[in-house]
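Beneath this line is the structure, given in structure tokens, with notes to follow.
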Amino acid sequence: QAKNAGRNTLRFFDPQMQASIAARAEMEHALRKAIDDQQFALYYQIQVDRLSNPLGAEALIRWNHPEKGLISPAEFIDLAEETNLIIPIGRWVLETACAQIKAWQKSVQFRRLTLSVNVSAKQFNQHDFVSQVSACIQGYEINPGLLKLELTESMLLNNIDTTIEKMNALQAIGIRFSLDDFGTGYSSLQYLKRLPLSQLKIDISFVRDIAIDENDRIIVRTIIAMAKSLNLNIIAEGVETEEQQRLLFNKGCINYQGYLFGHPVKIEEFEALLSRVV
Ligand code: C2E
Ligand code: MG
Ligand code: MG
Ligand code: MG
């Protein structure tokens, strides 16, 4: 602490700030070690159609910390972005997802499942993102139509022309795109129609109170109308109750993801769940 600092001197060493800087540095160090020691795992959450038939899964990363146990992405993705560690992490996610698609492709039961993968802004903005993804597809010899990349509105806005170029290049090799957390960003129809998307994902914040909040019902109806006019598939995230599902269905949303159908789980558990529902 800068005890002797004069009246007009900035105090840089606020102990609380210092503690959080130390915690951050420690977390960054742990994250680097996690990459080296492969402490990450992908969990799989089922996505279903109107009859609750499985369509595929979303891959969601977890950090299996040797002392702290399972850590959710909400706790480390931001730091990973700030420190660029999201680059090796994102590459690992993509590799692991493609390896999983490969494994499913060989099975009669699972060969049609799609796998959605979250892509971060830093990852997408890398100049060689397109070649990274296509190399992965080729390396694993997978059907590119089974891989869906989840992007968010905010990451696409910055440099729209480059974004469109990259998306077009990936779409040309058969990869599909879903716009995640839809409705929380600022995209207009005007620019949405320029993006080669195949799916809009209604954000959980509109699903949560759909049974009690008329405004959310109106928003959901508008999103669905928008998706239809753009010829896009639509899926709702965060569906926890049958009532939410019914309301979504009545408004024209027929694909769902949420705890009502299954939590994100390890691959063994995911495949066991599918064996029960199929
Ligand atoms: P997201 O892509 O919007 O993922 C959906 C989140 O909602 C997941 O949280 C999922 O576990 C949670 N969820 C699913 N169904 C329900 C439900 O019925 N109720 C509620 N309350 N929540 C539900 P999770 O796994 O903690 O992931 C949080 C965010 O972290 C993701 O949001 C995504 O933005 C990011 N993320 C996850 N995995 C990756 C990854 O591999 N790479 C990158 N860049 N980001 C990732
Ligand atoms: Mg997602
Ligand atoms: Mg989402
Ligand atoms: Mg969300």
Side-chain angles (χ1 to χ4, degrees), residues 31 34-35 38-48 52 56-64 69-100 114-126 129 132-133 136 147-156 176-185 197-211 223 234-245 247-248 253 255-267 269-270 273:
L31 211 46
I35 295 167
Q38 306 203 21
Q39 294 169 6
F40 297 105
L42 285 187
Y43 275 46
Y44 298 81
Q45 185 177 33
I46 193 170
Q47 299 178 328
V48 301
S52 298
E58 177 175 5
L60 294 156
I61 196 170
R62 301 288 181 262
W63 176 6
N64 220 324
L70 219 53
I71 303 179
S72 94
E75 289 182 58
F76 67 87
I77 290 290
D78 284 353
L79 183 63
E81 279 254 343
E82 289 164 31
T83 53
N84 282 333
L85 292 172
I86 195 70
I87 304 296
I89 294 173
R91 208 174 287 142
W92 176 85
V93 169
L94 194 63
E95 282 274 334
T96 308
C98 288
Q100 190 53 59
T114 60
L115 189 55
S116 294
V117 171
N118 294 284
V119 175
S120 85
K122 275 249 171 83
Q123 203 184 349
F124 183 83
N125 289 332
Q126 279 196 292
F129 181 69
Q132 265 181 48
V133 177
C136 212
L147 178 66
K148 209 178 273 172
L149 300 180
E150 293 200 359
L151 311 175
T152 56
E153 292 165 87
S154 57
M155 63 189 269
L156 303 176
R176 284 187 269 194
F177 295 97
S178 180
L179 199 51
D180 203 357
D181 305 334
F182 188 72
T184 63
L197 294 165
S198 72
Q199 183 179 67
L200 291 187
K201 203 167 191 186
I202 304 176
D203 190 63
I204 185 171
S205 60
F206 306 114
V207 174
R208 197 177 290 125
D209 295 329
I210 195 170
I223 291 174
I234 192 138
I235 186 166
E237 68 176 10
V239 182
E240 296 183 1
T241 68
E242 281 172 8
E243 189 177 18
Q244 289 169 338
Q245 184 194 10
L247 287 163
L248 287 160
C253 173
N255 300 319
Y256 321 95
Q257 181 182 342
Y259 298 163
L260 179 62
F261 310 97
H263 284 252
V265 288
K266 288 182 185 161
I267 189 63
E269 219 178 306
F270 178 75
L273 167 75

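In what follows, every heavy atom counts, from backbone to side chain, and hydrogens, waters and symmetry copies are set aside. Each ligand, and each atom within it, is numbered from 1 in the order the structure gives.
- At a 4.0 Å heavy-atom cut-off, ligand 1 does not touch Arg208 at all.
- Side-chain contact check for Leu260 versus Gln244: every heavy-atom pair is 4.5 Å or farther apart.
- Proximity of Trp92 to Ile35: side-chain heavy atoms (C-beta onward) are nowhere separated by under 4.5 Å.
- Remark: the backbone N or O of Phe182 is not paired with any side-chain donor or acceptor of Glu153 at under 3.5 angstrom.
- In summary, the side chains of Ser116 and Glu58 do not present any donor paired with an acceptor at a separation below 3.5 Å, with no hydrogens or angles considered.
- Residue-and-atom listing of protein N/O/S atoms under 2.8 Å from the Mg ion (ligand 2), sorted by chain and number: Glu58 OE2, Asn118 OD1, Glu150 OE1, Asp180 OD2.
- In terms of modelled atom types and a separation under 3.5 Å, the side chain of Lys122 and the main chain of Glu81 share a donor-acceptor contact.
- Looking at Tyr256, Tyr259, Phe76, Tyr43 and measuring to atom 22 (N) of ligand 1, the nearest heavy atom belongs to Tyr259.
- Listed by atom number, the atoms of ligand 1 under 4.0 Å from Gly258 heavy atoms are 15 (N), 18 (O).
- Considering Glu150, Arg62, Lys122, Gln45 only, the shortest heavy-atom separation from atom 15 (N) of ligand 1 involves Gln45.
- When side chains are defined from C-beta on, Ser120 does not count as touching Ile77, because their heavy atoms never get closer than 4.5 Å.
- For Glu95, the side-chain hydrogen bond (donor to acceptor under 3.5 Å, both in side chains) criterion is met by Tyr140, not counting sequence neighbours.
- Between Glu237 and Asp180, the shortest heavy-atom distance links the atoms OE1-OD1, 3.5 Å.
- Neither the backbone nor the side chain of Asp203 has a heavy atom within less than 4.0 Å of ligand 1.
- By the criterion of a heavy-atom distance under 4.0 Å, the side chain of Pro264, and not its backbone, is placed next to ligand 1.
- Only the side chain of Glu237 comes within 4.0 Å of ligand 1, counting heavy atoms alone; its backbone N, CA, C and O stay farther away.
- Trp63 and Phe76 have perpendicular rings, their planes meeting at more than 60° on a 0 to 90° scale where under 30° would count as parallel.
- At least one donor-acceptor pair closer than 3.5 Å links the side chain of Ser198 to the backbone N or O of Phe177.
- Using a 4.0 Å heavy-atom cutoff, Gly90 is absent from the residues neighbouring ligand 1.
- Here the side chains of Phe129 and Val119 are in contact, with some heavy-atom distance below 4.5 Å.
- Listed by atom number, the atoms of ligand 1 under 4.0 Å from Glu240 heavy atoms are 17 (C), 18 (O), 19 (N), 20 (C), 21 (N).
- Between the side chain of Asn255 and the main chain of Ile234, a donor-acceptor pair closer than 3.5 Å is present.
- Remark: ligand 1 and Asp180 share an N or O pair separated by less than 3.5 Å (distance only, no angle test).
- When heavy-atom distances to ligand 1 are checked against a 4.0 Å cut-off, Asp181 comes that close only through its side chain, counted from C-beta outward.
- Those atoms of ligand 1 with a heavy atom of Val93 less than 4.0 angstrom away are 41 (O).
- For the pair Glu269 (side chain) and Lys266 (backbone), a donor-acceptor distance under 3.5 Å is absent.
- Residue Ile77 has no nitrogen or oxygen atom sitting less than 3.5 Å from a nitrogen or oxygen atom of ligand 1, judged on distance alone.
- Contacts with ligand 1 closer than 4.0 Å are made by side-chain heavy atoms of Glu58 only, the backbone lying farther away.
- Near Ile204, with a cut-off below 4.0 Å to any heavy atom, the atoms of ligand 1 are 19 (N), 20 (C), 21 (N), 22 (N).
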